[in-house]
4 protein chains.
Amino acid sequence: VSDLFWAGDERAGTAMSGSALLASLVRVEAAWLQTLVATGIAPASADDDLSGLVGDPDLGALAGAAEAGGNPVIPLVDLLRTRVEPRNGDAARWLHRGLTSQDVMDTALVCCLRDAIDRILSDVHDQVTSLCRLADRHRGTLRVGRTLTQHAVPTTFGLTAADWLAGVLDAAADLARVRDSLPVQAGGAAGTWAATTELAALAGAAEPAGRARQLAAELADRLGLAPAAPWHLNRRTVTRAADALVAVVDAWGRIANDVLLAVRPELAELAEGAATGRGRSSTMPHKENPVLSVLVRRAAISAPMLAAHLHAAAAQMADQRPDGAWHAEWAPLRTLVRLAVTAGSQTSELLAGLGIHEDRMATRVAGSLDVLMAEQRSVRDLFGGDTEQPSVRFSEREPGPSGYLGANDLLIDEVLAAADRFLKEHR
Amino acid sequence: VSDLFWAGDERAGTAMSGSALLASLVRVEAAWLQTLVATGIAPASADDDLSGLVGDPDLGALAGAAEAGGNPVIPLVDLLRTRVEPRNGDAARWLHRGLTSQDVMDTALVCCLRDAIDRILSDVHDQVTSLCRLADRHRGTLRVGRTLTQHAVPTTFGLTAADWLAGVLDAAADLARVRDSLPVQAGGAAGTWAATTELAALAGAAEPAGRARQLAAELADRLGLAPAAPWHLNRRTVTRAADALVAVVDAWGRIANDVLLAVRPELAELAEGAATGRGRSSTMPHKENPVLSVLVRRAAISAPMLAAHLHAAAAQMADQRPDGAWHAEWAPLRTLVRLAVTAGSQTSELLAGLGIHEDRMATRVAGSLDVLMAEQRSVRDLFGGDTEQPSVRFSEREPGPSGYLGANDLLIDEVLAAADRFLKEHR
Amino acid sequence: VSDLFWAGDERAGTAMSGSALLASLVRVEAAWLQTLVATGIAPASADDDLSGLVGDPDLGALAGAAEAGGNPVIPLVDLLRTRVEPRNGDAARWLHRGLTSQDVMDTALVCCLRDAIDRILSDVHDQVTSLCRLADRHRGTLRVGRTLTQHAVPTTFGLTAADWLAGVLDAAADLARVRDSLPVQAGGAAGTWAATTELAALAGAAEPAGRARQLAAELADRLGLAPAAPWHLNRRTVTRAADALVAVVDAWGRIANDVLLAVRPELAELAEGAATGRGRSSTMPHKENPVLSVLVRRAAISAPMLAAHLHAAAAQMADQRPDGAWHAEWAPLRTLVRLAVTAGSQTSELLAGLGIHEDRMATRVAGSLDVLMAEQRSVRDLFGGDTEQPSVRFSEREPGPSGYLGANDLLIDEVLAAADRFLKEHR
Amino acid sequence: VSDLFWAGDERAGTAMSGSALLASLVRVEAAWLQTLVATGIAPASADDDLSGLVGDPDLGALAGAAEAGGNPVIPLVDLLRTRVEPRNGDAARWLHRGLTSQDVMDTALVCCLRDAIDRILSDVHDQVTSLCRLADRHRGTLRVGRTLTQHAVPTTFGLTAADWLAGVLDAAADLARVRDSLPVQAGGAAGTWAATTELAALAGAAEPAGRARQLAAELADRLGLAPAAPWHLNRRTVTRAADALVAVVDAWGRIANDVLLAVRPELAELAEGAATGRGRSSTMPHKENPVLSVLVRRAAISAPMLAAHLHAAAAQMADQRPDGAWHAEWAPLRTLVRLAVTAGSQTSELLAGLGIHEDRMATRVAGSLDVLMAEQRSVRDLFGGDTEQPSVRFSEREPGPSGYLGANDLLIDEVLAAADRFLKEHR
């Protein structure tokens, strides 16, 4: 059930939901069990994919039981052992051996995170496509450039769209980098690989420590993650993901801010698309509220504090495994992820349906021409002030005051080229 | 279902859950409809308590439909109208008239908030009782006072408990004040009472504006809230509650920090109670982790950012109703409330079961006596240094190095007296 | 020298500057020395007001020396002793006796805080005066009410001003409460009053512990603070002040947001006063930027994180005196205080010089009349829809579409009455 | 003068001080003027390095004058023009032409940021050296591994040091990446390169827009920055730097937390070096407080909110240049930078002087052996439980219970290899 306190939450679907976390936890335990068998630590008879043993109906009981040990892995391992025992006693015996609960939780969260980032990057893909179209189509759409709320110099809506695009691309690049280096966690009780080394030695491995490293690497491989030394206390993986998520929400928020200013009736330069039924008021039947922008802006107000939360937790780590700081990560990470997935989807829809009122933009420029040309005049004064006409044509298509926009196409083309590279790299 | 990402969340029960919010929204609509009827605005035939029309099975659909208008009130009003129509057409017609969706949402959240604060104050009550007992019983339990991690001067565990108590009382006083002044929201579309004034005029009221005020006051009365002018943009009600909630979590967090230091095996001066099964490790059967303290500390790391979130939203308000800042409030307020209710319950249990190892405390004091008496010696040096014995007896019951604790009982007694006043004021 | 990174910082003058802190630290030490003498603990010969011994030229050396012990009190006490020794050996001997450095630092910060709050309340006073004038004068100035950026229903600029006023009053009430209960800190090394009790006993006091309490109370009295038990670990004093400071900045920020929207050329309903030279651009000579609003909005974006910082510190307290959390308070508290003093002064100036373009407001209302009357029409439809004219006159002075604003005067009058009470209570 | 509210601030020296910012602003204006001349836009006679015209004595006046336009660049340009006029009228005329104040401020801040990051990376270099030594020297120093405050399994102090090192390396890698891609800002009034294109056209350039791009690139080159399209609204440059700064402070904070636990008298496994005079108490002459760790921990509590501040500003950007969000960046960025430089220096000193009490570590392990071997026993039980001795030798040098640490050397060696790569890459 989606969140009544966060309109649009259903867009996030199962992204880092309780259900997704549970499935991911089981998947990690299963991949580990298979790793133990495949590397000859556990007997072949212990092989089991653990499928069908635990599922959504168990969520309530597991969440309730999580408090006793401080995390949900402990009761989950009990539950899996109890349920697999009848069909495979060796699986019950070997399950989870060599791991600590933080290994399973961290790795499962990382898996959920990867799925969510994929969702976001897919939305970024759509946004990039929309923005490329807007930037290119409106490279000649003159618009008032506003600074500190006041009319400043001319610009184009195409350049505005290109600038939105540049922001999205820059943030998404970090997110993609995070996605491609998400590490497995498999350190054992105190991040020493001691239990796995011992297991390997008992199983007769020639180089037990090397085998322990191999176990972690094989788990990573089965889950599509990067192999890694234990990072129980070094939480940059978490904060780096959070920073990148916030950054992409920042970029969307800036778009929403611009739209919310431009849809004001006094400007009416942009319009949220004629989304069916969206933007209704409970009392004023005539109103069409820019709901998508409102909700994206909401997310942008919210996200920074969630990353701060994760940094605050990271900075409180201590000992070999921490006394609260780790536990403080899961909920804000979940909230940030769902917020970002939702806002990404809303931004995609917003951009796909954005209405551009070129006429209003043109009228505004014409009405403000004297003000908008002031900088240009002062530049020309430098050269004697006798040049009566703007010296630079903005575009062959556009006569008039556009002379002052000579670099417009160049700037737009650079962003379009960057977008092209991004689209090629990311599918 | 409680939250798999926040161990112990089930302690919060329905506190500001989706289900509780929905019930509260319906309750506000019902109280308003009854107010319209009772004040003669709506006909008697419109009277309806709206009970049984909408409930938990509708949560998913309402959450999903909330996005179209940006909040869940709009689809809820539609749903209520559709469902009450067959049994009471006038109720369907009059429902929600004069309110805007923010009125209903704000008032419903305030009702949920009040219920949650009551839960917290009840836990505070238990904590105060536990702490009074600890402070009184251990006023003679000598303990090393530690500053900047190092042994400093002697103190007692009773004074530590009294200090924890003082922190809880101070924070709870703000929370109780917030609880007693929670206001109704009933301003209409732009906080002008225009629709209700118009309704009153059309219904023949002599002083329509006064009648509009009366409507808001009567709604407040029906819901047990304070009457208030519209506060759509002035969000101190929300931030004040958030500040008070964080402050009480800060106070619990400080207790948890102290416990987490004292349960370290090297100190072993305190112990989390022999809670059944609590503190298990997934790999180390012998361990007894101080799980309650860990989870309370987790909450204390988390809470500050949530209040900052609400202030950030408050600072972004604009126009007659805002474009995202209001929508950004609900989720962090919910999260903060549930976090606080959970942490309050955990702290109550922690304090009720706290084990005090007086012997370890005494041994530590004895072993560190020379260090602990340094300040006292330097004080006595001021008077010539010839006084060989500590001049102030700590307590008749306690011989030994306790001379230096003369104000201990006085400080403890002051806090106990304050606790007594608190317990009397709050039931 | 004011801060190059925070335009307008010089408005804050010495509010919680290094210089003010140093003066305050010396003042606390002096008041304590006088307290020791006055209560008969120290000999009369130790009396000294410590004036002229330490000052701004020592700031650099003290700041540098602060690191060795973690705070500036330790080198300050050394310096005072060295410098007072030649003129008064007993003062050098008795100086600081019974206090710990946290006592001096906390109390000095509280004194600085009080001075700063007085500055802010003085600005609030001016703002209240300006806003009362605006609310009263413009109670008939019709204006478009905007919700979620769109035209909604009519309101008046007077009601907008009254709503700004309500926000300021609500926040300032908390701030005034904080100001009137700022406590002294005088707990000794571990908050036990042990050293002062010992001193009292050695000096022959009948009830040494009671005398220790009296010493703290007398120090409070000399500094105009509230007497208090030690609060080394219970930081609600700090967080309560921070919360109140942020809340008042939130209220100003909301005003700035509204102004920044209304000064946009497309609305032009408000204008920042013709402040001499304010709002210049480095490249566009014609521009008049709404600089005061911009800078107030800047403060409103900034403040929430500073209070979160102080709560995060409060939640990390442990032991009898903490290992970093206390040290983390000073800088953000200073920054928050200066930010608030500056923003308060800027808001006062903004409001005093605010230009109101009634004609533009009226034109906008006229142009949007059909939209603005939609809610009223739907209300009247409830009563049969046959009432052709708005039934409620807004004001005798204002013909036209104002019927829908019947409660306007009532709402404004209530806020004006509250403002009147505030002005009477606070000078 | 260093900051009385932040002990140790003088370590940051001029890093992003007002003085450094002013020098950097002048440097940017000078580099721009030279760029205009070198590219043939301005006449050769306009060439001037602007040296000696403005300096620290102007700081107060400039800070005071910054408010009128919202930033210090506007009064600085006036001042430079006034002062250069007598010696070079053409320089006065051409100064700043084509730039907007945000260009100069952003670029100057980026230059300050680069210098500060260099300072930090130099300290990281020292830390890496210290930590490599500790990790290698103590790879055989057995120590109790603690999880959730309780004894868990054995580890070594070498592995702890290696884990600290891994955290520092991971965070520093991001910081180094940020440093190497810091971009110039040179977009003109609305980020359109319009003025520079116009200038180029008037100066007879064949491709004026291309020349505008070249101007920005040449400015970047003169300042050692990366060329870039205008990023007035896309603030990832700022937030990415802030995120990386916080991450490195998180890594140091975690070290400080571990030290603060280990220097407790009950553990006494580590000791802050015998720093001269450090750690004094104002009342307890015997105390040696772990001041460096305390102050680093303080920084770690503080940093996350500062990055959140910068993200919150980034998310509030709008229009072609923003109305407050940009202005909100400078102070928290400055504070974060100075905090990080200071904490980095303190961490370097802490690590260089860290005392390791191997005997206490060994005693603790011996005393807790039964507990520490529990996981190992449970692992061996899996294989029948008949293996009486730990099967894996920890190290030839260390007999006894070390069998369980077989991967210790491997994990340490991996981090040492990573450190080696880092040291080679970064000088």
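We name chains A, B, ... by the order of the sequence lines, and we start the count at 1 in each one.
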Exercise for the section: Go through the atoms of A/Arg240 and report whether side chain, backbone, both or neither lie under 4.5 Å from a heavy atom of chain D. Expected result: side chain

Practice task
Applying side chain to side chain donor-acceptor pair (under 3.5 Å) between D/Asn234 and each of A/Asp170, A/Asp250, A/Asp163, report the one that passes.
Solution key: A/Asp163

Completion exercise
Applying a strict 4.5 Å limit to non-hydrogen atoms, the region of A/Arg213 in contact with chain D is side chain

Problem - Contact origin within A/Leu199 toward chain D - heavy atom pairs under 4.5 Å - result: both

Problem - Region of A/Gln150 that comes under 4.5 Å of a non-hydrogen atom in chain D - result: neither

Fill in the blank from the handout: Of A/Ala314, A/Ala212, A/Ala315, the largest count of non-hydrogen pairs under 4.5 angstrom with chain D goes to A/Ala315

Practice task
Considering only NZ, NE, NH1 and NH2 on the basic side and carboxylate oxygens on the acidic side, decide whether A/Asp243 and A/Arg236 come within less than 4.0 Å.
Solution key: yes

Handout entry: Partner chain D: residue of A/Arg254, A/Glu414, A/Gln316 with the largest heavy-atom pair count (under 4.5 Å)
Key = A/Arg254

Problem - A/Thr239, part contacting chain D, at a heavy-atom distance under 4.5 Å - result: side chain

Handout entry: chain D contact via A/Ala251 - side chain, backbone, both or neither, heavy atoms under 4.5 Å
Key = neither

Handout entry: Segment of A/Val144 engaging chain D (4.5 angstrom heavy-atom cut-off)
Key = backbone

Problem - Contact origin within A/Arg97 toward chain D - heavy atom pairs under 4.5 Å - result: side chain

Exercise for the section: Below 4.5 Å from any heavy atom of chain D, which atoms of A/Leu148 appear? Answer side chain, backbone, both or neither. Expected result: both

N/O donor-acceptor pairs under 3.5 Å from side chains in residues 300-309 of chain D, not counting sequence neighbours:
| residue | atom | partner | partner atom | Å |
| --- | --- | --- | --- | --- |
| D/Ser302 | OG | C/His309 | NE2 | 2.9 |
| D/Ser302 | OG | D/Arg298 | O | 2.8 |
| D/His309 | NE2 | C/Ser302 | OG | 2.9 |
| D/His309 | NE2 | D/Ala328 | O | 3.3 |

